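Letters A, B, ... mirror the listed sequences (proteins, then strands); counts begin at 1. The shown structure was predicted, so the numbers you read here are calculated from the model rather than taken from an experiment.
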There are 2 protein chains.
Amino acid sequence: MTPDLDRLFQALGDPTRRAIVDRLAESPTSVSRLAEPLGVTVTAIAQHLQVLEQCGVVRTEKVGRVRTASLVPDGLTPVERWARDRRSMLEKRLDRLAEILGEEG
Amino acid sequence: MTPDLDRLFQALGDPTRRAIVDRLAESPTSVSRLAEPLGVTVTAIAQHLQVLEQCGVVRTEKVGRVRTASLVPDGLTPVERWARDRRSMLEKRLDRLAEILGEEG
DNA sequence: ACAATAGTGAAGTCATGGCTTGACTGTTTG
DNA sequence: CAAACAGTCAAGCCATGACTTCACTATTGT
């Protein structure tokens, strides 16, 4: 069910991948420039980028010999929406409960 | 870095665990009632609940022989905030860019 | 043309994660 | 008290995931 969210959440569960997202939030960046501060191989970064691309968080374009990665504008909104929906559902329930308890108190 | 978010995102990356959260968004539920519709063992559910508890999404209380799980009110807000922050950061950057391109167009 | 640069591909390693089974501990209920 | 019930513990299984190395393929600058 919803393999989209599966891959999305799982992708963001990795600290290196979230670090990549953070870096890309500032500006589009090449593979090797992403690898530098993270203490991993460029190969690893390339693999992470593939994962992030597959779940719609990152876009990637290779011009010449350098591949530049950038964030997809609405790539994170499914996550945001999922969390917000659950929270609002819970809040509504708790409000109803508080109301009932208030009436009889 | 931020092992909180690590565990949180990773926890939510599992479909069974998200299904549990969905169920709990409706109402607090016992372990065995959670297990029923999900096609897994109660043992598995107990393990999932432990994970969700450790990352602050779920609260759990055992009275008599039945353990009842419920959602923690702000358990998902870190996720929501993280996603929202990145999105707004990106949007600001893109707005600035559009402005610059507009000026010279 | 040559050397340095930027990335890709295919293996392989090592740890972790989700799940199960089977035995066991408490708690209700007839 | 005995039997059904709700959950827990300890092990172990199997798949996946994050990473590395090494060899290799473009590209770019001298």
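- Regarding contacts with the backbone of C:dG17, every side-chain N or O of B:His48 stays at 4.0 angstrom or more from both OP1 and OP2.
- Across C:dG18, C:dC19, C:dG7, the shortest atom-to-atom separation from the side chain of B:Arg17 is found for C:dG18.
- Protein atom CG of B:Leu49 is 16 Å distant from nucleotide atom C1' of C:dG17, rounded to whole Å.
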If you restrict it to nitrogen or oxygen atoms, what contacts under 3.5 Å exist between nucleotides 23-30 of chain C and the protein, and what is each distance?
unit_1	atom_1	unit_2	atom_2	d
C:dT27	O2	B:Arg65	NH1	3.0

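- Between the CZ atom in A:Arg18 and the NE2 atom in A:His48 there is a gap of 11.5 Å [rounded to 0.5 Å].
- Taking only side-chain atoms of B:Gln10, from C-beta outward, the nucleotide of D:dG7, C:dG17, D:dC19 with the closest atom is C:dG17.
- The distance between atom NZ of A:Lys62 and atom P of D:dT25, rounded to the nearest whole Å, is 13 Å.
- Atom-to-atom distance recorded for A:Arg59:CZ and A:Thr68:OG1 is 9.0 Å, nearest 0.5 angstrom.
- The one candidate from A:Asp22, A:Val21, A:Ile20 that meets the side-chain contact (heavy atoms from CB on, under 4.5 Å) condition with A:Leu24 is A:Ile20.
- Regarding A:Gln47, its CD atom lies at a distance of 13 Å from the C1' atom of C:dT13, rounded to whole Å.
- Looking at B:Glu91 and B:Arg87, a side-chain N of the basic residue comes within less than 4.0 Å of a carboxylate O on the acidic one, giving a salt bridge.
- Ring geometry for B:Phe9 versus A:Phe9: interplanar angle of 30 to 60°, hence tilted.
- Residues of residues 33-46 of chain A that place a heavy atom closer than 4.0 Å to DNA chain D, in numerical order, are A:Val40, A:Thr41, A:Thr43, A:Ala44.
- Scanning for side chain to side chain contact (heavy atoms under 4.5 Å, CB included) contacts around A:Val31 gives A:Val42, A:Ile45, A:Leu49, A:Arg67, with sequence neighbours left out.
- What separates CD of A:Gln50 from P of C:dG7 is a distance of 14 Å, to the nearest Å.
- OP1 or OP2 of C:dG7 lies within a sub-4.0 Å distance of a side-chain N or O belonging to A:Ser32.
- Within the model, atoms CD of B:Gln54 and CD of B:Gln50 stand 6.5 Å from one another, a figure rounded to the nearest 0.5 Å.
- Here D:dG7 presents its C1' atom at 15 Å from CD of B:Glu61, a figure rounded to the nearest Å.
- Side chains of A:Leu94 and B:Pro73 form a contact here, defined as non-hydrogen atoms less than 4.5 Å apart.
- In this structure, the CG atom of A:Asp14 is 13 Å from the C1' atom of C:dT16, given to the nearest Å.
- Expressed to the nearest 0.5 Å, how far CD of B:Glu80 lies from CZ of A:Arg81 amounts to 12.0 Å.
- As rounded to whole Å, 16 Å separates atom C1' of C:dT5 from atom CZ of A:Arg67.
- Between B:Phe9 atom CZ and C:dG17 atom P there is a gap of 17 Å when expressed in whole angstrom units.
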